Asker: 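First, the structure itself, so that you have it in front of you.
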Amino acid sequence: MAEGALSGVAKGIVGKAGDLVAQEIALIWGVKDEINKLKDTVSTISAVLLDAEAKKHNNEVKLWLQRLKDPMFDADDLLDEISAEALRREVMTRDKKAKEVRIFFSKSNQLAYGLRMGHKVKAMRERFDALAADRKFHLDERSEEEQGRHKAREQTDSLVRAEDVIGREDDKKAIIESLLNPNVKENVSVLPIVGIGGLGKTTVAQLVFNDEEIEKHFELKLWVCVSDDFDVKIIVKKILECVKHKKPEDLEMNLLANDLGKEINEKRYMLVLDDVWNEDREKWSKLKKILMGGAKGSRILMTTRSEIVAKISESIQPHVLKGLEEQYAWSLFKKMAFEEGEEEMNASLLEIGKEILKKCAGVPLAIRTIGGLLYFKKTEMEWLSFSINELSKIRQNESDILPTLKLSYDHLPTHLKQCFAYCSLFPKDCEINRSSLINMWMAQGFITYDKKQCPEDVGHEYFMDLLWRSFFQKAREDEFGNISEFKIHDLMHDIAIQVMESEGTIIYPKEKDIDEKTRHVSFGDTLHSSLEIPISLYKSRRIRTFLLPCQRGYVTSNLDSSTFSAIVASFKFIRLLDLHNMGIKIIPSSIKKLKHLRYLDLSKNEDIEMLPNSIVKLYNLQTLKLSECEKLKELPRDINKLVNLRFLEIDGCSGLTHMPNGLGQLTNLQTLSRFVMSEGRIDSVPRSYGGLKELGRLNELRGNLSIENLNQVKDVVLEYKDANLKEKQRLHRLDLNWVEEDTDETGVVCDMSAVEALQPHINLKALRLNRYGGVIFPHWLVTLTNLVQFELCSCNKCKYLPPLDQLPSLKIIHLERLDSLEYISNSERDYSDSLFYPSLETLYIWECPNLKGWWQGRRDSFPSFPRLSDLEIEDCPQLTFFPSFLYLEVERLSLNDCRLEYKDANLKEKQRLDGLALNWVEEDINETNVDYNGRPKDINLKALSLKRYRGVIFPHWLMSLRNLVKLKLDSCKKCQYLPPLDQFPSLKIIHLLGLNSLEHISDSERDNSDSLFYPSLELLQIEECPNLKGWWRGRRDSLPSFPRLSHLSIWNCPNQLTSFPLFPYLERLGLSKCSLNLKQSLERMMINNKTSSGNLPSSSSPSTIVAPLSKLSFMCIEEALPEECLRNLISLRTLYLIKCPLPQGMRYLTALQRLEVMDSEVVDLSNNWDEMEWQGLTTLLSLKFYELPKLVSLPVGLQYVSSLQKLNIVECPSLIAIPEWICKLISLQSLVIWDCPNLKSLPEGIGALTSLQTLSIYRCPILLKRCKKQIGEDWHKISHIPNLEV
């Protein structure tokens, strides 16, 4: 169990007990005294829990804590159940007439319930009393502040051998530069080195401390290891010991401070404070005051894992230490794992080593620990075994990485410990949504707050605290600069798993045994069906979390209704239930039994049409996620009973037609992503439908809100005012969407008073108006001075925009499909560049057919956007003049189908341009449009896209783009020659599309060695180049290989490709309608591999020894490969065969999971094709036969593929029967039969497929008739299948 969890649960029990005692219902039920006694008992135990957890290395204490765990959680569940019943009483009293209420509140009912609960509470208290009496050892009461002081780090010193440190020279130089900076104003300044444990902060500080330049600059150099006990007196004594080289006398604090002052005053000193944890500003201020007597230029260099520590030290800019760069990490790993020169003799270990190295994430301590272990393992088998079986179970010594990192956890406050440990439920490298995680913490009761606080805000403070302490790493930000997603360092994830212990687990495929006492479970891969839920999980009756963090949107999953009901029946104490994207159609009404449930995620179940009204009996529910439930027609009518609901997400619920009446009573609601108004006149709306006035009382709404189906007529003004948008000061984004018919040419006039009534609060940061029908805009728009993003879409009558230049914070403007817009600004005033859209960074203008320019009339001079970094203009064919964008900040530019003059863009001066897309209009192209006078600078452009360029050759400036990473040439139909692309050393991605005149990729005759031939290229896509004949002119005796190419796709290049480079390291290959001889290429690669494997230069990539195409995981081809070629495809997981027969040698594809055979006139499979071939496919999960007109029956060998889960048979008109042996496909979950008109019946054996969850039959007239419900001749064979689509 996570350290701190029991303390947190105990606090929750005390809090719930206090709340219940204060309620009248506790007196009515007669349980007030018992609950009070329970509260006192738990409070007494809680007082010593921190001390017990600090001493749990003692076996007696550890055993006592283990025995305490179950009663503590049981007591929490019991009080939560009583609280839920009290809440139900409160909600039900709203309807005094209900018969159910009268029965519920009858005297006999009250007494019976109270008596039952009283016995349970008393029995619970007696369990605690027994445990308290059983404790034979002493425990102290310990405050939160004292927690974490029980384990000190080993003392550090200033000694380090520079030759032992790899990859930190740049960090050392940067820190020394900061320390010696003469422009720092303070006499004594502080420079923190911040980073996670194991990165080498102490090592870098040692390097700096011993540097010759530092030695000369400072009169005194002092080193103190502070560790976790930030006692000012102790630190002063340590500093004095460094100065005097002897231990000082044990004097009073003021005498010690005076003594130190005499030693450092007027001296330029450097003091290293290593391993600082203190976050108490007052303690730091006391120490700093003593140290301020040094001469000007004195420095304090501090190492810490916490940004909070760095912040309170009032330091200069901290130096944030990161993981080692790949080359240095590899150098350190080789040094630790191999004897000198051994790696060259053991080339087979190099690739395994690089995979193991990824686990270390550049952390030197991890690299040293793992490399040191591997030093004693000499064979490939030992290294592979270590990588697969041992890496996650390393025995950690005190110098190893996990104990070092765990110190950070030991110093966390108890409330943060359980929050961090909970993150172990997410798989490694998973991007976690910040908002969702906070809601999960709330659901589990981890967030402690008083009535004046908002739990989401407190949860955000928890999150930021963990981020500042380096437990989390930022991954993504939203448009407002707020963290939206984050990751956990792999090593920190190991700590989370370690401290979570058996309390939570991630379930992986084929895992069967789940500990009955487990409380939190997640699934480490996509959950495809109910069958993948271990049976043993249902026996874990105390489950509080059921989480699906890996449920991918593009994967079809299926959870049948019986499994949903089983989850409800088994997990009655569950707090968080995540069933998103599980193919659910019906929610069982029994869901009301989950009275403890706080978090329910049903999103992306697109077939759900209705929620049972019983769902409103989940009175504790805080979070309800329904986004992308596309067929959902309405929310529950009695939604107002969900009195604790705080988060309602309904994005993408396109079937919703209205909001329920009573939604506005949910005054705890913090997030409401959409509000759908009923279409039609207000006086015709049914009373059960809620109007916009439902928003009136929901003034705590935050985040994003989209209002849909707005009208623009007079009779809505009062209702829109009642929405009270002006008071919703925590909304960040507002989308206003009008109904379609109000913006057409039917003569509907937009009533401005209705639009004015929708005025939002001035704090709004993003506004989107969609289908707004006015000619001018509401007056309130220019008052939104905090607006960061503004979007207009399909506002077809709009002729003028509001004065957007008066919104100083505006960073993003999107203008899309504004048919009547001719000019963006109607202002005549002149701007200096500093005043012209001072914050604008992103500008998109799409499909504005009448837009002529920024201003009406031509101007002698144009202002420039001072900060614009992303400009995209598309389908604006009349746009001819525009503000200039000359400044260096530009990072991405796309000009598509517009007539702007490219010379005005001054592209050659844009040294920070990161991406450039130039798309010409169809009719007016020549190469001079894009060229310009003067030699271009060597700019830093990384991505270039040219579309519909009509030059025969490409502009000369293209060769200056030495840093180019991605190149796309699209529909350049006159292009006959490409530039020498092999001279771009950084080029990783090449897309060549629609180059009708191109015959050869390269015009160069020189032979390239593999090390020089496209050294960085990873992805090559060639499509619709009908005249392409090869890479070079003529045939070549030897062909170079792409050293890094992992993805090759060639489509619709029908000419014989006579010469093409080799591609031995591919991971994905797609060939369609092209004449590349794959067999010949593979044979040449195999010959090359044999001749070169024994003579590798030391500089060669380790991948060069890999068998050709042994990394290939995906292949789509139209040519059957010979048997000898298939032996290499040991990693192939997906194979598409188009217009070609199944190859001999398929048994070698031992990793194959998905096979599709399609569009072939030759495949019939009726020749009893070698059964042994099918028996080799032991991992095959999905098989599809598509458009095979000669397929009469399924191959006999298929019966041996017992791993098969999905079988699709589509458009096979000659198929006449499904064989009886289909019953042997024991893992089959889905069977799809479409467009097989001659299929006459189903076999009896289909009834034996107990795993089959889905059967879909379509356009099979004979078969459909036999499968009619109840009356069909084959109905008895399929009636057991849960999901029938017939």
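Because the structure is predicted, anything quoted here is derived from the model rather than measured.
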Asker: So, Q444 and T545: side-chain donor and acceptor under 3.5 Å apart, yes or no?
Answerer: yes
Asker: Just by distance, no angles: are the side chains of E485 and N433 close enough, under 3.5 Å, to form a donor-acceptor pair?
Answerer: yes
Asker: To the nearest 0.5 Å, what is the distance between CZ on F523 and CD on E532?
Answerer: 8.5 Å
Asker: When you measure from the side chain of D601 to the backbone N and O of L579, does any donor-acceptor pair fall under 3.5 Å?
Answerer: no
Asker: Please determine whether side chain to side chain contact (heavy atoms under 4.5 Å, CB included) holds for the pair Q670 and F647, giving the CA-CA distance in whole Å, both sets of side-chain angles, and the decisive distance to 0.1 Å.
Answerer: CA-CA 6 Å; Q670 303 286 308; F647 186 99; over 6 Å; no
Asker: Does CH2 belonging to W1275 count more than 12 external heavy atoms closer than 6.0 Å?
Answerer: yes
Asker: Any ion pair linking E503 and K517 (charged N to carboxylate O, less than 4.0 Å)?
Answerer: no
Asker: Does the side chain of D70 come within less than 4.5 Å of F73's, by heavy atoms?
Answerer: no
Asker: Test your reading of the model: is there a side-chain donor-acceptor pair from W441 to the backbone of C419, 3.5 Å cut-off?
Answerer: yes
Asker: Measure the shortest side-chain to side-chain distance between L1231 and I1246 over non-hydrogen atoms and say whether it is less than 4.5 angstrom.
Answerer: yes
Asker: Check K69 against S502 and note the closest heavy-atom contact, atom names and distance.
Answerer: NZ-OG, 4.2 Å
Asker: Using a strict threshold of under 4.0 Å (side-chain N to carboxylate O), is an ion pair present between E606 and K631?
Answerer: no
Asker: Between the side chains of Y1200 and K1224, does any donor sit under 3.5 Å from an acceptor?
Answerer: no
Asker: For R1133 and Q1153, indicate whether the former's side chain and the latter's backbone hold a donor-acceptor pair under 3.5 Å.
Answerer: no
Asker: Could you tell me whether the side chain of I507 reaches within less than 4.5 Å of the side chain of L527, counting heavy atoms only?
Answerer: no
Asker: Under a 4.5 Å cut-off applied to non-hydrogen side-chain atoms, are L1149 and L1135 in contact?
Answerer: yes
Asker: Kindly indicate, with the supporting measurements, whether the criterion salt bridge (charged side-chain N to carboxylate O under 4.0 Å, His left out) is fulfilled by R542 and D515.
Answerer: CA-CA 11 Å; R542 297 290 176 177; D515 192 321; over 6 Å; no
Asker: Taking the six-membered ring for Trp, is the centroid-to-centroid distance between F446 and H415 below 6.0 Å?
Answerer: no
Asker: Looking only at side-chain N and O atoms, does D651 offer a donor or acceptor that is under 3.5 Å from a partner on S673?
Answerer: yes
Asker: Using the ring of each side chain (for Trp, its six-membered ring), is F472 parallel, tilted or perpendicular to F420, with breaks at 30° and 60°?
Answerer: tilted
Asker: Could you check whether any side-chain N or O of N644 sits under 3.5 Å from a backbone N or O of Y619, counting only pairs where one atom can act as donor and the other as acceptor?
Answerer: yes
Asker: How many angstroms lie between CG in N620 and CG in L597, if you round to the nearest 0.5 Å?
Answerer: 8.5 Å
Asker: CG/L1228 to OG/S1202 distance, rounded to the nearest 0.5 angstrom?
Answerer: 11.5 Å
Asker: Would you verify whether the NZ or CZ of K417 falls within 45 degrees of the ring axis of Y409 while also being under 6.0 Å from that six-membered ring's centre?
Answerer: yes
Asker: Determine whether S1251 and S1227 satisfy the following criterion, side chain to side chain contact (heavy atoms under 4.5 Å, CB included), listing intermediate values before the conclusion.
Answerer: CA-CA 6 Å; S1251 297; S1227 300; 5.7 Å; no
Asker: Where is the tightest heavy-atom contact between L425 and L547, given as atom of each residue plus distance?
Answerer: CB-CD2, 4.1 Å
Asker: Return the set of residues passing salt bridge (Lys or Arg N to Asp or Glu O under 4.0 Å) with K593 (not counting sequence neighbours), or none when no residue passes.
Answerer: none
Asker: I'd like to know whether NZ of K1184 has more than 12 heavy-atom contacts from other residues, nucleotides or ligands below 6.0 angstrom.
Answerer: yes
Asker: Charged N to carboxylate O under 4.0 angstrom, D494 versus K428?
Answerer: yes
Asker: Do T563 and S530 meet the criterion of a side-chain donor-acceptor pair at a distance under 3.5 Å?
Answerer: yes
Asker: Is the backbone N or O of L1180 less than 3.5 Å from a side-chain atom of S1203, with the two atoms forming a donor-acceptor pair by type?
Answerer: yes
Asker: If we only count heavy atoms from C-beta on, is the N439 to Y599 side-chain gap below 4.5 Å?
Answerer: yes
Asker: Using 0.5 Å steps for rounding, measure from the CD1 atom of I615 to the CG atom of D638.
Answerer: 12.5 Å
Asker: Is K595 paired with D80 through a side-chain N to carboxylate O contact shorter than 4.0 Å?
Answerer: no
Asker: How far apart are the closest heavy atoms of I506 and S424, and which atoms are they?
Answerer: CD1-O, 3.2 Å
Asker: Verify side chain to side chain contact (heavy atoms under 4.5 Å, CB included) between I483 and L467, making sure each step is shown before the conclusion.
Answerer: CA-CA 10 Å; I483 298 170; L467 180 75; 3.3 Å; yes
Asker: Indicate yes or no for a side-chain donor-acceptor contact from H493 to the backbone of F426 under 3.5 Å, with no hydrogens or angles considered.
Answerer: yes
Asker: Flag the pair R1154 / Y1136 as yes when at least one side-chain heavy-atom distance between them is below 4.5 Å, and no otherwise.
Answerer: yes
Asker: Return the OG to CD1 distance between S1256 and I1233, rounded to the nearest 0.5 Å.
Answerer: 9.0 Å
Asker: Between atom CG of N1283 and atom CD1 of I1281, what is the distance when rounded to the nearest 0.5 Å?
Answerer: 9.5 Å
Asker: Flag the pair D77 and R575 as a salt bridge only when some basic side-chain nitrogen lies within less than 4.0 angstrom of an acidic carboxylate oxygen.
Answerer: yes
Asker: Quick one: do L626 and L611 satisfy side chain to side chain contact (heavy atoms under 4.5 Å, CB included)? Show the steps, please.
Answerer: CA-CA 10 Å; L626 300 169; L611 299 175; 3.8 Å; yes
Asker: Any ion pair linking R646 and E456 (charged N to carboxylate O, less than 4.0 Å)?
Answerer: yes
Asker: Applying side-chain hydrogen bond (donor to acceptor under 3.5 Å, both in side chains), run through S1279 and K1269 and close with a yes or a no.
Answerer: CA-CA 8 Å; S1279 59; K1269 189 173 182 179; over 6 Å; no
Asker: Against K604, only a single residue in M582, E628, E630 fulfils side chain to side chain contact (heavy atoms under 4.5 Å, CB included); can you say which?
Answerer: E628
Asker: Where is the tightest heavy-atom contact between D1274 and L1263, given as atom of each residue plus distance?
Answerer: OD2-CD1, 4.1 Å
Asker: Can you tell if the side chain of L1069 reaches within under 4.5 Å of the side chain of F1114, non-hydrogen atoms only?
Answerer: no
Asker: Would you say that more than 12 heavy atoms from the other residues, nucleotides or ligands in this model lie under 6.0 Å from the CD1 of I586, or not?
Answerer: no
Asker: For the pair E609 and K633, find out whether any cationic side-chain nitrogen is under 4.0 Å from an anionic carboxylate oxygen.
Answerer: yes
Asker: Do any pairs count as a ring-ring contact (aromatic ring centres under 6.0 Å, His included) and have a residue in residues 559-594, sequence neighbours left out, and if so which ones?
Answerer: F573-H596
Asker: Does L1066 offer a backbone N or O that forms a donor-acceptor pair with the side chain of S1046 under 3.5 Å?
Answerer: no
Asker: Please check if the side chain of K1277 supplies one atom and the backbone of L1242 the other of a donor-acceptor pair under 3.5 Å.
Answerer: yes
Asker: For I514 and S540, which heavy atoms make the closest approach, and how far apart are they?
Answerer: CG2-OG, 4.0 Å
Asker: Between Y508 and G524, what is the shortest heavy-atom contact and its length?
Answerer: CE2-CA, 3.6 Å
Asker: Measure the shortest side-chain to side-chain distance between C653 and C629 over non-hydrogen atoms and say whether it is less than 4.5 angstrom.
Answerer: yes
Asker: Distance-only, no hydrogens or angles: does the T1179 side chain make a donor-acceptor pair with backbone N or O of L1152 under 3.5 Å?
Answerer: yes
